[in-house]
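So you know, we letter chains A, B, ... as the sequences are listed, proteins then strands, and number each from 1.
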Amino acid sequence: MPELPEVETVANGVDARVRGQRIDSVWLSRYKEPFKTSRSEMAEALPGLRIERVYREGKHIVFDLSGTEGGAVQWVVHLGMTGRLLVSAAELPLAKHTHAALGLSSGQELRFVDARRFGRLALVRVENGAGFRGPGHEPLSIAPEDFVALFRGRTLTIKAALLNQTLLHGVGNIYADESLFRAGIRPTRAAGRLSRARLVRLHGALQEILRKAIELGGSSVSDYVDADGVAGFFQLEHRVYMRTGEPCLVCGRPIHRIVLAGRGTHFCLHCQR
DNA sequence: ATATGGCCCTGGTTGC
DNA sequence: TGCAACCAGGGCCATA
């Protein structure tokens, strides 16, 4: 599932291929989802606009667009679970579950493919120069003290807190489990009862694995691929995620799996307290 | 306000 | 071997 490192990889890859190009044509599927902005509004607004820049904001991919008369707009893409953004030759037939195909001035097409339709496409107007903002704090740049303050007084588990996008945005199931393992914290602990020192350690562990994962092009576990259709390699670095029953790489005891916040949660009973 | 659980979706895996 | 039931989970919404 695409989380911060995967979304960052896709955004950078797409930026390198489509920056500066004009959107000449728009094709959209007939489904209600994944369109957050109506299909008709999107199909009418996009043609003629120029892509100035593509970047990540939380788990969202933001396209800065210019060329409108009534002020700048952004095209915001959320990959959900199975969403893919691909730049491909316009001649290639549309893959199954394609929901958007933007014809570009280069002759190529930017395509959004999403089997499960948990992804979202939206058109956002830029108000007073402020672009789209994600719901929470940015994990890669939040200061340790601000990170610690996020969890103060909270009774939910630290795992659920890490997944809550209004606190930190960008962390999903893989990096929540992996950062908790590296910080030695059991996922079931109440977020507000963890010591400052342990939260600072979690802050460091989370930033470290997110940076490492970005370097490796993300984790390819379900059908995640980057803008070229190429898989990432961070899954080779997973120490607990999807390793249920396998020996802990530190102590050798079997990795446990429980369900927390409705998500599969993997951890070592011995190494995480 | 905060926390929890159900729901949406399809494809891969599991089990008979 | 074939088929059906089951499971995965990000974000949103109703509920407690």
* Asked: Does A:His78 have a side-chain nitrogen or oxygen under 4.0 Å from the phosphate oxygens OP1 or OP2 of C:dG11?
  -> yes
* To do: Specify the separation, in whole Å, of atom CD of A:Glu57 and atom P of C:dG11.
  => 13 Å
* To do: Tell me whether the OP1 or OP2 atom of B:dT10 has a side-chain N or O from A:Lys96 closer than 4.0 Å.
  => no
* Find the distance A:Arg117:CZ to C:dG11:P and express it as a whole number of Å. => 18 Å
* Please state whether the phosphate of B:dC8, meaning OP1 or OP2, lies under 4.0 angstrom from any side-chain nitrogen or oxygen of A:Arg120. => no
* Would you say the side chain of A:Arg263 and the base of C:dG11 hold a donor-acceptor pair, judged only by whether the two atoms sit under 3.5 Å apart? -> yes
* For atom CE of A:Met242 and atom C1' of C:dG9, their distance in whole Å -> 11 Å
* Asked: Which is true for A:Gln165 with a 4.0 Å heavy-atom rule: it touches a base, it touches only sugar-phosphate, or it touches nothing?
  -> sugar-phosphate
* **Test salt bridge (Lys or Arg N to Asp or Glu O under 4.0 Å) applied to A:Asp24 and A:Arg22, step by step** => CA-CA 6 Å; A:Asp24 286 336; A:Arg22 192 184 58 244; 2.8 Å; yes
* Asked: Whole Å only: how far is the NZ atom of A:Lys36 from the P atom of C:dG11?
  -> 10 Å
* **CA sep, side-chain torsions, deciding dist, call: A:Phe151, A:Phe147, ring pair (Phe, Tyr, Trp, His ring centres under 6.0 Å)** => CA-CA 7 Å; A:Phe151 307 106; A:Phe147 183 87; 5.1 Å; yes
* Contact class for A:Gly119 (heavy atom, under 4.0 Å): base, sugar-phosphate, or nothing? -> nothing
* Asked: Is the phosphate of C:dG10, meaning OP1 or OP2, less than 4.0 Å from a side-chain N or O of A:Tyr175?
  -> no
* Is the shortest side-chain N/O distance from A:Arg154 to OP1 or OP2 of B:dA3 below 4.0 Å? -> yes
* Is the aromatic ring centre of A:Phe118 closer than 5.5 Å to the centre of the six-membered base ring of C:dG11, with the two planes inclined by less than 30°? -> no
Let me have the donor-acceptor pairs involving side chains of residues 254-267 of chain A, under 3.5 Å, with sequence neighbours excluded, atom names and distances please.
{"unit_1": "A:Thr265", "atom_1": "OG1", "unit_2": "A:Lys159", "atom_2": "NZ", "d": "3.0"}
{"unit_1": "A:Thr265", "atom_1": "OG1", "unit_2": "A:Arg263", "atom_2": "O", "d": "3.0"}
{"unit_1": "A:His266", "atom_1": "ND1", "unit_2": "A:Asp177", "atom_2": "OD2", "d": "2.8"}

* Structure fact -> Separation of B:dC9 atom C1' from A:His99 atom NE2, nearest Å, is 10 Å
* **Pairwise side chain to side chain donor-acceptor pair (under 3.5 Å) hits with a residue in residues 190-206 of chain A, at least two apart** => A:Glu145-A:Arg196, A:His203-A:Gln207
* With respect to the phosphate group of C:dG10, does any side-chain polar atom (N or O) of A:Lys59 fall under 4.0 Å of OP1 or OP2? -> no
* Asked: For B:dC9, does either OP1 or OP2 sit under 4.0 Å from a side-chain N or O belonging to A:His97?
  -> no
* Is the shortest side-chain N/O distance from A:Arg116 to OP1 or OP2 of C:dG9 below 4.0 Å? -> no
* **Integer-rounded Å distance: B:dT10 P and A:Met81 CE** => 14 Å
* Nearest of B:dG11, B:dA3, C:dG9 to any side-chain atom of A:Ala115? -> B:dG11
* N-O pairing of A:Arg120 and A:Glu33 below 4.0 Å -> yes
* Asked: Taking CG from A:Leu163 and C1' from C:dC12, how many angstroms apart are they, rounded to a whole number?
  -> 15 Å
* Asked: Across the strands shown, which category fits A:Arg152 at heavy-atom distances under 4.0 angstrom: base, sugar-phosphate, nothing?
  -> nothing
* To do: Without swapping roles, check the side chain of A:Glu57 against the backbone of A:Arg133 for a donor-acceptor pair under 3.5 Å.
  => no
* Structure fact -> Between CD of A:Glu33 and P of B:dC7 the distance, given in whole Å, is 17 Å
